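Beneath this line is the structure, given in structure tokens, with notes to follow.
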Amino acid sequence: MAPIRLIILGATGSIGQNARAVLEEHRDKIQVEGLVARSRFEAVHDFALAFDARWVGLTDPAAADRLRQFAPDRPYRLITGMEEVVETIHESSATTVLAAMSGFSGLRPTLAALERGMTVLLANKETLVAAGDLVKGVAAAHAAPLVPVDSEHSAIFQCLGLDQPVRRIILTCSGGPFRGMTREQLRHVTVEQALAHPNWRMGPKITVDSATLMNKGLEIIEAHHLFNTPFDQIDVVVHPESVIHSLVEFVDGATLAQLGWPDMRVPIQVALSWPDRWPLSGAPLSLTDRPLTFMPPDEEAFPALRLARQAGIAGGLYPAVLNAANEEAVAAFLARDIAFLDISRVVEHTLSVFSDTRPATTLEDILATDRWARQTAAAWIHERARTP
């Protein structure tokens, strides 16, 4: 079988580095066509050399200039800026793209891959949250498969292999570092505490999203698009051990779950190999080491889950507003400009003043809405920062 010709968007992030570990075990099955990162030029250079990548894209032009100085004799083509990255994907002969860029920035290169009919392994949930209808339309028009990489959605994808009628999808949620805390207790949490996830090692944005439960809210919208499931058939359950990654309940009440240790190499490899399964090194799952526990989420202490569901149900451009406002709020929290509880307040305020009910069917409308939401959120943040 011909090797998979792979592009990795977000090659130096947590998903990209887990993908590198998978590639180490399956060099004979995968050829690295291109690697895209934002600014970590040394890391992406090392990755490219290790796997003979044909090209490297850096979306930060200053980082590209530093790479030119750092490695003047590099054996690969260097692509600079998002416009050139998108153009290169359009011209590429790759068969598969692992879409793992952080946040809204992953939308345009993902669309470019779908327009080429490539298989997209989707680890960037914001792409479907902000532009789900558009992305699905482009994928359908070009017969481009969308395969989930998020551990929860990968679990659902695997459980749905039976192609039988479903009653509901149950997304599991670790509860993050603040599980069980009240809103009063959450008033005083720090950036360092929010970044200390108990189970997963991830980038700062998704780690904060996990602490607010916004990550699970985004996953509700993602699941709605990936599996064509109504919002009232998607539930969330807190499962602190992160051993069951999600469940599917069929119409007769029978329920399938996908289990495994918290290890992002597994869903990445499933997406690459499906419908086959490749071997992967790692400790086998033991069901006797610890009990598995479950509880409902506390949406009073963590309103982001409610806000995401409401935006998803409203549809149209509202999820794009949700995503943009959240990205701005998380960035402000990480910069210590606002408090932890202010993150959901920023999002709720921005959604409350938005009133455009048009469908999200064009990239231009989505980009314009994203800009508006960021400006509106930034104005609230600025006012909040000035208030003693």
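Source: prediction; values computed, not measured. Counting from 1, the numbers follow the sequence of the chain as shown.
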Give a yes-or-no answer on whether the side chains of H90 and E115 include a donor-acceptor pair shorter than 3.5 Å.
yes
Using a distance-only test with no angle check, is there a side-chain donor-acceptor pair under 3.5 angstrom linking E222 and H224?
no
Any donor-acceptor pair under 3.5 Å from D133 side chain to G316 backbone
no
In chain order, what residues pass the side-chain contact (heavy atoms from CB on, under 4.5 Å) check against S93, with sequence neighbours excluded?
R5, E33, R54
On a heavy-atom basis, which atom in I79 and which in W55 lie closest, and how many Å separate them?
CG1-CE3, 3.8 Å
Between R265 and Q17: side-chain donor-acceptor atoms closer than 3.5 Å
no
Set of side-chain contact (heavy atoms from CB on, under 4.5 Å) partners for P303, sequence neighbours left out:
R183, R306, S344
Can you tell me if CZ on R27 sees more than 12 non-hydrogen neighbours from other groups inside 6.0 Å?
yes
Okay, side chain of D342, backbone of A339: is any donor-acceptor separation there less than 3.5 Å?
yes
State whether D46 and R20 are salt-bridged, where the test is any N-O pair (Lys NZ or Arg NE/NH1/NH2 against Asp/Glu carboxylate O) under 4.0 Å.
yes
Would you check if I220 and L305 make a side-chain contact, meaning some heavy-atom pair closer than 4.5 Å?
yes
Distance-only donor-acceptor check, side chains E327 and N323, under 3.5 Å:
yes
Residues which pass ring-ring contact (aromatic ring centres under 6.0 Å, His included) with F178, listed by chain and number, not counting sequence neighbours
F340
4.5 Å side-chain heavy-atom contact, H239 and L292:
yes
Do T88 and E84 meet the criterion of a side-chain donor-acceptor pair at a distance under 3.5 Å?
no
side-chain contact (heavy atoms from CB on, under 4.5 Å) partners of A131, counting only residues at least two apart
L107, L134, V135, I366
By salt bridge (charged side-chain N to carboxylate O under 4.0 Å, His left out) - contacts of D60 (at least two apart)
none
Has R168 got a side-chain atom pairing as donor or acceptor with D235's backbone, closer than 3.5 angstrom?
no
H197 and S174: side-chain donor and acceptor closer than 3.5 Å?
yes
Do you see a donor-acceptor pair shorter than 3.5 Å between the side chains of S273 and D276?
no
Taking atom types as modelled, is there a side-chain donor on T172 or E152 under 3.5 Å from an acceptor on the other?
no
Taking atom types as modelled and ignoring hydrogens, do the side chains of E241 and T293 form a donor-acceptor contact shorter than 3.5 angstrom?
yes
For I30, which residues count as a side-chain contact (heavy atoms from CB on, under 4.5 Å) partner, sequence neighbours excluded?
I4, L6, L23, L272, W278
N326 and its side-chain contact (heavy atoms from CB on, under 4.5 Å) partner, picked from V346, V347, V208, N215
V347
If you count the non-hydrogen atoms of other residues, nucleotides and ligands that lie under 6.0 Å from CD in E192, is the total more than 12?
yes
Can you tell me if CZ on R345 sees more than 12 non-hydrogen neighbours from other groups inside 6.0 Å?
yes
